[in-house]
There are 2 protein chains.
Amino acid sequence: MANALRGAIQRGEYPPNEWLPNEGRLAEEFQVSRGTVRAALKILENEGRIGMRQGRGVYVRDFRPIVHLAAQVPGGTDAERFTDGYAPQLREAGYDRISESIEVQLETMRPKVAKRFGLPAEAEHNGSPQDRLVVLRQCDRFVDGRLWERQITHYPYSIAAETELMSPEHITDGIDQVLGRLGYTEDWSWDIVGARMPSPREVESFGVGHGIPLLVQERVAYAGDRVTRFTETTMPADRHQLLYAGGDAPAELLLLASDVSIFER
Amino acid sequence: MANALRGAIQRGEYPPNEWLPNEGRLAEEFQVSRGTVRAALKILENEGRIGMRQGRGVYVRDFRPIVHLAAQVPGGTDAERFTDGYAPQLREAGYDRISESIEVQLETMRPKVAKRFGLPAEAEHNGSPQDRLVVLRQCDRFVDGRLWERQITHYPYSIAAETELMSPEHITDGIDQVLGRLGYTEDWSWDIVGARMPSPREVESFGVGHGIPLLVQERVAYAGDRVTRFTETTMPADRHQLLYAGGDAPAELLLLASDVSIFER
DNA sequence: AAGTGGTCTAGACCACGGG
DNA sequence: CCGTGGTCTAGACCACTTC
């Protein structure tokens, strides 16, 4: 039954955003019990093809991912890119009501964070405990009232202490400038990109349906051999793609690639 | 019940690769019917946390993704990276029996492919039909007998005709060299990275369980303003991550980042 | 109030894996 | 052969959405 429905969807018999017949009707149509219908729908839901809403019905999912310029160290900060480059692009794509919320905390590094900063995972008392303090800035970006992406950046406390990095405000002149004024010029970085399924918590906060993976990007930036920050960005993969440039790419790259979608056939 | 089990797994009460109690026992333990047990297990399966094997049982999934150096135009070909850089890394990680199979076809561009080559999606007869011919090289890489990644590269027929690109052999000296000899020096490219759930077909060919997304990387490479190739790489996200360098990254980058995992806590 | 999906039950039989 | 998960049924009640 799942195969039959998948075919019907792919053939366009149920176009994107259209409601399917209700479970009872499907049960009649396919001459099976409602339990079987639900099992079939679950399969399609977990493939990300349909969404199910209690009290409403079952609809065909639509995929229109937006391309993210993931340009590296030279090329402005993420926040900058969001407000200057990304938000306009979103508006063009028909989205509106774009906002962000920022929270700042001071904490001791989790083992994962310590690793990213090049410290041994467990505090072995070789070095002052101060070295393991990080300022954590969590920036949630909302589009049309839904969480769009979540970015968590860790700065060493030794760099961020007593600076504007510790206040939960949008940094208008860009992180680059701030770090530059503090004497840290980032000259290289790496990104790791992967994907995983969301936890129930994440399903709730992102408002994604089952069957939608999360894209996860980790970035560690360096000034020489000093780690200046570690950023983890999480985005639902039905709405986000990352764009990386190689070689001498032209400035209009984003325009060129902005309507690319991995969901195309 | 899914929450309880998820907690138990996270607390390490069921370590990775361990079998869970069977469905009957779980039903007793939680005082629910077997249907409910299965619903709970389905949830965890679709989150990628457990795998279910008929006739065997239910086990806790392990995530040890391998980091892929996705370095760009300067830095050798993908095939090169696979045999020279990647395969050794895999062997170190305990994998063995690495092989690849190559198939070559000549086809007319699908609309998606035409777009990547900068042609209008539909053939509007402005230009010879020859311009829409592509040589398609599908390279499947197998590790331990399972499909590990699938890479499909499209070359314009006008470039690839009568060259070794049309024979289904491993290109030992690298695509770069071949294209260079043909007078095409790739000087820039872009990558788009996204994720989606696999189709049932892909579930079968990759041998992934439900709940494991696929990482999809599209790359278009240019020699000047001429597109030399379009490559689409598909990889299960539980075993693959992509590494991108920014700025003046050191040569040992891969070593530095090779044990990073987005699944760490 | 009516209609939708969400959850749960108890029981049956099938298909696969391993001894 | 037996134990495992895979599929299916028929029926019940709950929770959410809409009118």
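Considering only side-chain N and O atoms, A:Arg56 lies under 4.0 angstrom from the phosphate OP1 or OP2 of D:dT18. In this structure, A:Thr36 reaches the D:dT9 phosphate: one of its side-chain N or O atoms is under 4.0 Å from OP1 or OP2.
The closest side-chain donor-acceptor pair between A:His68 and A:Glu149 falls under 3.5 angstrom.
Among the protein residues, B:Arg53 comes within range of the sugar-phosphate backbone only, with heavy atoms under 4.0 Å from sugar or phosphate atoms but none that close to a base.
Using a 4.0 Å cutoff on non-hydrogen atoms, the parts of residues 21-35 of chain B near DNA chain D are B:Asn22, B:Glu23, B:Arg25, B:Arg34, ordered by number.
What separates CG of A:Leu41 from P of C:dG5 is a distance of 8 Å, to the nearest Å. Between B:Gln54 atom CD and D:dC2 atom C1' the separation is 14 Å, expressed in whole Å. Rounded to an integer number of Å, the gap from A:His210 NE2 to C:dG6 C1' is 11 Å. Distance, B:Arg38 CZ to C:dA12 P: 18 Å, rounded to whole Å. Put simply, CD on A:Glu45 is 12 Å from P on C:dG5, counting in whole angstrom units. If you measure from atom CG of B:Asn3 to atom P of C:dG6, you get 17 Å, rounded to the nearest angstrom. Protein atom CH2 of B:Trp19 is 11 Å distant from nucleotide atom P of C:dG17, rounded to whole Å. A:Ile43 has its CD1 atom 11 Å from the P atom of D:dG6, to the nearest Å.
Note on A:Arg116 versus A:Glu232: no salt bridge recorded, every NZ/NE/NH1/NH2 to OD/OE distance being 4.0 Å or above. Note on A:Glu28 versus A:Arg25: no salt bridge recorded, every NZ/NE/NH1/NH2 to OD/OE distance being 4.0 Å or above. Ionic pairing of A:Arg6 and A:Glu47 is present here: one or more N-O contacts between side-chain nitrogen and carboxylate oxygen are shorter than 4.0 angstrom. Between B:Lys42 and B:Glu45 there is a salt bridge, since a side-chain N of the basic residue sits under 4.0 Å from a carboxylate O of the acidic one.
Scanning all heavy atoms of the two residues, the minimum distance from A:Glu202 to A:Met197 falls at OE1-O, 4.5 Å.
Interatomic distance, B:Arg49 CZ to A:Ser199 OG, rounded to the nearest 0.5 Å: 6.5 Å.
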